There are 2 protein chains.
Amino acid sequence: MNALQTLLSKIEAPDVAAMKAAQARQDTLTKPPGSLGRLERLSLQIAGITGSARPHLHHKVITTMAGDHGVVAEGVSAFPQEVTPQMVLNFLHGGAAINVLARHVGARVVVVDMGVAAELPPHAALVNKKVGRGTANIARGPAMTREQALQSLLNGAAVVEAEIERGLDILGTGDMGIGNTTPSAAIAAAVTGRAPAQIVGRGTGVDDLGLARKVAAVEQALAVNRPDPHDGLDVLAKVGGFEIGGLAGAMLAAAAHRKPVVIDGFISGAAALIAVTLAPSLRPYLIAAHRSQEKGHRIMLEWLGLEPVLDLDLRLGEGTGAALAIGVCEAACKVLDEMATFAEAGVAGRLD
Amino acid sequence: MNALQTLLSKIEAPDVAAMKAAQARQDTLTKPPGSLGRLERLSLQIAGITGSARPHLHHKVITTMAGDHGVVAEGVSAFPQEVTPQMVLNFLHGGAAINVLARHVGARVVVVDMGVAAELPPHAALVNKKVGRGTANIARGPAMTREQALQSLLNGAAVVEAEIERGLDILGTGDMGIGNTTPSAAIAAAVTGRAPAQIVGRGTGVDDLGLARKVAAVEQALAVNRPDPHDGLDVLAKVGGFEIGGLAGAMLAAAAHRKPVVIDGFISGAAALIAVTLAPSLRPYLIAAHRSQEKGHRIMLEWLGLEPVLDLDLRLGEGTGAALAIGVCEAACKVLDEMATFAEAGVAGRLD
């Protein structure tokens, strides 16, 4: 537990002075005060996170973490488990949606094997942080041991630590893992206390029978495992996943280094629930990329107290929403940094 | 009227075959069908508009059109009229929000003087399409003559025709004009039949008294001028503005050349009401960039039948929302064009 406690203790409060300086500059820029709405608020949040009154987001990284889930045995996914490693290869070859959208916003995708059930061929761009070959079936017992849960957090943190050394300015989180909306729903039910039926959605697109199986699997997972909602590590071990733990660790490490974290959709939301349960001080570092089509995502965002940047009916995962929202965050910082002031441009102010 | 009728008659229905081909391709890409939500729908819309099953948006242009408004005499704006030409200079020097956001998405800003009250110094990047030195006060009589209304439409169309020759792939519309939320509200009230009090908002930030003056000015404008809601040219002449007419003309010209049009906020919305009244066939070419903070914008979007891409509490105008939404449109087209198919990537399909 020592390494984790050290990590959690490093997360400081946002820099209020930097936020105030950013607000003061916003008020001098050639636009009616507040007229850029969310862009202005994002710029202030990122100023507070980074401690810079004019933050720059040059190095944008999306960590897409993959893992498999024993709960697929309950028939909770519309796709077969072999799609997880197949999609990891697709990420490595640049053909997936996350590759296209990351290129679009100038972000780098870091593909991480946190716990894919298959052995993946070595690839220069694949980060191997495998904790196990898929989790156990949460409907029958714990997903992993407490040691594995800790390891997945630390492995995820290590991925971000390595990127920080290469100059990361903003982190986006993404996931791949057939079946992973089921443990994510279980985490959300455990942490928020809401009923599984209110949270479980169709994931990649199960039919009504599949949806009923998912609800039953989550109910069973909670009944069998009884996760302690106040102990993030316990929730992760009992009903989580390796990539979910990795993403939670990545969020904590980014915040410990004062970097903003753009969380993607439902799976990243579950990881954020774990991470915020472990360290409530993480919350101001989080930016919710979008409101997912996946039913329980609203409940997660409500619990996290986050207003999503985008609402584009996405439900793909991989970090696709995070990529687009990182583009908006960068735009927000550029507005703060690059716009002319009323004085510089010789523009008259308000009449009153 | 001949030139206008020619323009209107050129707007054809979207290409259904291209849309179907785009949909067929979307269904083969490595993601659950429909999981990229609005991005997928945008790609289909743009396929239909352009007649290409894999459209590319290389050349992105935002026309920011400026004009002044006699109705400022009624005390309807928080800023003095000289801000209009001052902001035009700011656009030309690259210091305004639209410059920052257009650079961010790789779009070019085309700054157009449609009817600024001051004489602007010549500038290589300023397009002079001045129809008059500001409109007359709509609370006392018509904004302009019917001939001027026609001229403003044709001048706006000519700006886009010139850009089409330089290779425009997508048009964003933006505005600058102190006082221009007042004629825009009057247009919305005239076309939709809703009461001015339901539509008039705070614009750049008037206080309660200013807001009451704006409502009164719009009510008076409608009572004095009695615009015919079925005659777009009449509405434009009686309660419109030169930049509003220019934007309406720009939209019509883009559609006549099968180019998608991303309309910004409240002022571009008013221009779209005029343009769609003139040519209902324009509607499928329009993409609403965002939902503005300005109160009546929802009413405009409802009438236009458009769902905004973004909802970021913006109310600046200039084309700032359009710039960000153009970035999303480009992302949507890249997804359609660049993603690998299940067959190409060797990824298994659904279980059922």
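In this text, all values refer to a predicted model and were calculated from it rather than measured experimentally. Side chains are part of it too, since the values below use all heavy atoms of this structure and drop only hydrogens, waters and symmetry mates. Just so we're on the same page: letters track the sequence lines, and every chain starts at 1.
Of the possible donor and acceptor atoms, none in the side chain of Arg350(B) sits under 3.5 Å from a partner among the backbone N and O of Val206(A). The backbone N or O of Ala348(B) sits less than 3.5 Å from a side-chain atom of Gln86(A), completing a donor-acceptor pair. At distances below 3.5 Å, not a single donor-acceptor pair connects side-chain atoms of His93(B) with backbone N or O atoms of Ala340(A).
You'll find the side chain of Thr320(B) reaches within 4.5 Å of the side chain of Leu36(A), heavy atoms only. Using a 4.5 Å cut-off on side-chain heavy atoms (C-beta onward), Leu101(B) and Leu39(A) make contact. When side chains are defined from C-beta on, Arg315(A) counts as touching Pro32(B), because their heavy atoms get closer than 4.5 Å. Counting only heavy atoms from C-beta outward, the side chains of Lys334(B) and Arg103(A) never approach each other to under 4.5 Å. Residues Leu89(B) and Val347(A) form no side-chain contact, since every pair of their non-hydrogen atoms from C-beta on lies 4.5 Å or further apart.
The number of heavy atoms from other shown groups lying within 6.0 Å of CZ (Arg298(B)) does not exceed 12.
Once rounded to the nearest 0.5 Å, the distance linking CZ of Arg202(A) with OG of Ser35(B) reads 15.5 Å. Atoms CG and CG, from Leu324(A) and Leu324(B) in turn, are 11.5 Å apart once rounded to the nearest 0.5 Å.
When each of Gly37(B), Ala331(B), Pro85(B) is scored by its heavy-atom pairs under 4.5 Å with chain A, the top score falls to Ala331(B). In terms of heavy-atom pairs under 4.5 angstrom with chain A, the leader among Leu314(B), Asp337(B), Val309(B) is Leu314(B). The most heavy-atom pairs under 4.5 Å with chain B, out of Glu330(A), Glu82(A), Gln293(A), come from Glu330(A).
For chain B, no part of Phe91(A) is nearby; none of its heavy atoms comes within less than 4.5 Å.
Tested against Leu312(A), the residues Arg41(B), Glu40(B), Arg38(B) include a single side chain to side chain contact (heavy atoms under 4.5 Å, CB included) partner, Arg38(B).
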Worked check of salt bridge (Lys or Arg N to Asp or Glu O under 4.0 Å) between Lys31(B) and Glu318(A): CA-CA 10 Å; Lys31(B) 58 181 169 50; Glu318(A) 300 180 1; over 6 Å; no

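The two residues Ala345(A) and Asn90(B) have their closest heavy-atom pair at CB-OD1, 3.6 Å. When all heavy atoms are compared, the tightest approach of Ser77(A) to Leu351(B) is O-CD1, 3.4 Å.
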